[in-house]
Participant: 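Attaching a single structure in structure tokens format; questions to follow.
Numbers restart at 1 for each chain; the letters A, B, ... are given by sequence-line order, proteins then strands.
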Amino acid sequence: EFVVSSIIDMYAKCQSIDDARKMFEKLKVRDIVIFSAMISGYALQGLDQDAMQLFYEMVKVGLVPDTVTFVTTLKSCSNMASLVEGKLIHAYILERRLEGNVQVGNSLIDMFTTCGCMEDGKCVFNKLQKRDTISWTAMVTGYAQAKEYNLALKYYQDMEQEGWKPDNVTVVSLLAACRQEGLLVEGCQHFESMKKEKILPTEDHFNCMVDLLGQAGHLEEAVDLLQCMPFGFD
RNA sequence: AGCGGGUGUUGCCAGC
């Protein structure tokens with residue numbers, strides 16, 4: 001029961017997905033947590049077709065997916081950028097009336113924007129009763145990935161205006177957008193604002209900043225930044 | 001009432 005799902009989870013996260021599956025197969029009784037742990041393991045390993053198949057199997061045996069099941073299954077849809085499967089999962093979510101759930105909504109936003117369906121993503125976002133940092137960041141990242149940088153930056157402005165603070169992931173997406181648009185000043189502002197927000201920069205932040213400075217011809221500043229970076233060179 | 005499964009992470013290049 002509790003122990004079993006933990007072990008499956010552990011195997012799945014330690015790249016022993018086959019061992020996880022063996023244990024899964026041996027079980028006489030499987031509940032949604034066991035299924036979700038197994039689906040999550042497949043999604044983590046990029047075995048997305050297996051994840052989807054297990055989801056369908058789970059529904060077929062009469063188990064009712066919950067928010068966690070949907071979140072993990074949508075992850076596989078995103079990995080594959082499979083709109084067809086994503087829409088099918090969306091239909092199950094609507095049936096269960098879970099579209100307004102924050103985590104499920106966030107996953108739907110990610111799935112739709114990853115599949116290039118910006119309107120559907122926006123629609124889910126707009127319908128969310130409650131939003132969190134991840135909802136906003138998913139929109140920023142989604143538009144940045146779609147190369148709609150101005151919209152990405154606009155979502156960030158709205159996010160700020162509604163009183164939300166960015167976190168390190170938000171800033172990576174912002175810097176990526178600025179880098180693509182060559183917005184040096186704005187990029188520097190976001191990078192500087194990390195100190196104020198007490199966000200620790202990761203390698204990704206530095207990579208974006210070094211490139212942003214470099215492409216603007218500020219080579220010395222780029223080198224300075226490289227030198228104070230707590231990581232190896234790229 | 002509680003417990004095991006959970007969503008957002010830059011760019012370029014190479015391989016599959």
Participant: Round to a whole Å and report the spacing from CD1 of A:Ile7 to P of B:G4.
Facilitator: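 To the nearest whole Å, that distance equals 15 Å.
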
Participant: For A:Asp48, give me all partners under salt bridge (charged side-chain N to carboxylate O under 4.0 Å, His left out), at least two apart in sequence or on another chain.
Facilitator: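 For A:Asp48, no residue satisfies salt bridge (charged side-chain N to carboxylate O under 4.0 Å, His left out) once neighbours in sequence are set aside.
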
Participant: Listing time: all N or O pairs from protein to nucleotides 5-7 of chain B that are below 3.5 Å?
Facilitator:
| unit_1 | atom_1 | unit_2 | atom_2 | d |
| --- | --- | --- | --- | --- |
| B:G5 | O2' | A:Ser36 | O | 3.4 |
| B:G5 | O2' | A:Ala37 | N | 3.3 |
| B:G5 | N1 | A:Asp66 | OD1 | 3.3 |
| B:G5 | N1 | A:Asp66 | OD2 | 2.7 |
| B:G5 | N2 | A:Ser36 | OG | 2.5 |
| B:G5 | N2 | A:Asp66 | OD1 | 2.7 |
| B:G5 | N2 | A:Asp66 | OD2 | 3.4 |
| B:G5 | N2 | A:Thr69 | OG1 | 3.0 |
| B:G5 | N3 | A:Ser36 | OG | 3.4 |
| B:G6 | OP1 | A:Lys13 | NZ | 2.9 |
| B:U7 | O2 | A:Asn106 | ND2 | 3.0 |

Participant: I need the residues from residues 178-187 of chain A with at least one non-hydrogen atom less than 4.0 Å from RNA chain B; give them sorted by number, or say none.
Facilitator: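 Hits under 4.0 Å, by residue number: A:Arg179, A:Gln180.
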
Participant: Could you state the atom-to-atom distance from CZ of A:Phe191 to C1' of B:U10 in whole Å?
Facilitator: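 Nearest whole value for this atom pair: 13 Å.
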
Participant: Looking for any heavy atom pair under 4.0 Å, which part of the strands does A:Thr170 touch: base, sugar-phosphate only, or nothing?
Facilitator: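 It contacts base atoms.
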
Participant: Run the salt bridge (charged side-chain N to carboxylate O under 4.0 Å, His left out) test against A:Lys130 and tell me which residues pass, sequence neighbours left out.
Facilitator: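 Per chain and number, A:Lys130 pairs via salt bridge (charged side-chain N to carboxylate O under 4.0 Å, His left out) with no residue.
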
Participant: First locate atom CE of A:Met111, then atom OG1 of A:Thr73, and finally report the distance between them rounded to the nearest 0.5 Å.
Facilitator: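 Going from the CE atom of A:Met111 to the OG1 atom of A:Thr73 covers 11.5 Å.
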
Participant: I need the NZ-P distance between A:Lys165 and B:G8, as an integer number of Å.
Facilitator: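 Whole-Å distance recorded here is 24 Å.
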
Participant: Can you pull out every ring-ring contact (aromatic ring centres under 6.0 Å, His included) where at least one residue sits in residues 165-189 of chain A? Sequence neighbours excluded, please.
Facilitator: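 Not a single pair qualifies under ring-ring contact (aromatic ring centres under 6.0 Å, His included).
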
Participant: Could you list all the ring-ring contact (aromatic ring centres under 6.0 Å, His included) pairs where at least one residue sits in residues 207-226 of chain A, not counting sequence neighbours?
Facilitator: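 Not a single pair qualifies under ring-ring contact (aromatic ring centres under 6.0 Å, His included).
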
Participant: What stem regions, each of at least 3 consecutive Watson-Crick or G-U pairs below 3.5 Å, can be found for RNA chain B?
Facilitator: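 Detected stem regions: none for this strand.
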
Participant: Could you state the CE-P distance from A:Met10 to B:G4, rounded to the nearest angstrom?
Facilitator: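 Computing the A:Met10:CE to B:G4:P distance gives 17 Å.
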
Participant: If only side-chain N and O atoms count, and only distance matters, is there a donor-acceptor pair under 3.5 Å linking A:Ser76 with A:Asn79?
Facilitator: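 No donor-acceptor contact under 3.5 Å links the two side chains.
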
Participant: Would you jot down, in residue-number order, the residues of residues 135-149 of chain A having a non-hydrogen atom under 4.0 Å from RNA chain B?
Facilitator: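 The stretch gives A:Thr137, A:Ala138, A:Thr141, A:Gln145 as the residues lying under 4.0 Å from the strand, ordered by number.
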
Participant: The criterion is side-chain contact (heavy atoms from CB on, under 4.5 Å); which residues satisfy it with A:Thr141, sequence neighbours excluded?
Facilitator: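 A:Thr141 satisfies side-chain contact (heavy atoms from CB on, under 4.5 Å) with A:Thr137, A:Gln145, A:Ser173 only.
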
Participant: Using 0.5 Å steps for rounding, measure from the CZ atom of A:Phe112 to the CG atom of A:Asp120.
Facilitator: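 Result: 4.5 Å between the selected atoms.
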
Participant: How many Å lie between CZ on A:Phe206 and P on B:U9, as a whole number?
Facilitator: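 The distance from CZ of A:Phe206 to P of B:U9 comes to 21 Å, rounded to the nearest Å.
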
Participant: Give a yes or no on whether the backbone of A:Glu25 and the side-chain of A:Arg30 come within a donor-acceptor separation of less than 3.5 Å.
Facilitator: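 Confirmed, A:Arg30 side chain pairs with A:Glu25 backbone.
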
Participant: Using a distance-only criterion (donor-acceptor N/O pair, under 3.5 Å, no hydrogens), is the base of B:G8 paired with the side chain of A:Asp167?
Facilitator: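 Counting by modelled atom types and ignoring angles, a donor-acceptor contact under 3.5 Å is found here.
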
Participant: Indicate whether the side chain of A:Asp9 and that of A:Ser6 have a donor and an acceptor atom separated by less than 3.5 Å.
Facilitator: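 The answer is no; no qualifying pair exists.
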
Participant: Give me each pair satisfying ring-ring contact (aromatic ring centres under 6.0 Å, His included) with a member in residues 42-78 of chain A, each pair once, sequence neighbours excluded.
Facilitator: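 Qualifying pairs, neighbours excluded: A:Phe55-A:Tyr92.
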
Participant: Please name all residues satisfying ring pair (Phe, Tyr, Trp, His ring centres under 6.0 Å) with A:His190, sequence neighbours left out, ordered by chain then number.
Facilitator: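 A:Tyr156.
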
Participant: Which residues satisfy the side-chain contact (heavy atoms from CB on, under 4.5 Å) test with A:Gln45, sequence neighbours excluded?
Facilitator: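 For A:Gln45, the residues satisfying side-chain contact (heavy atoms from CB on, under 4.5 Å) (neighbours in sequence not counted) are A:Gln15, A:Ile17, A:Leu47.
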
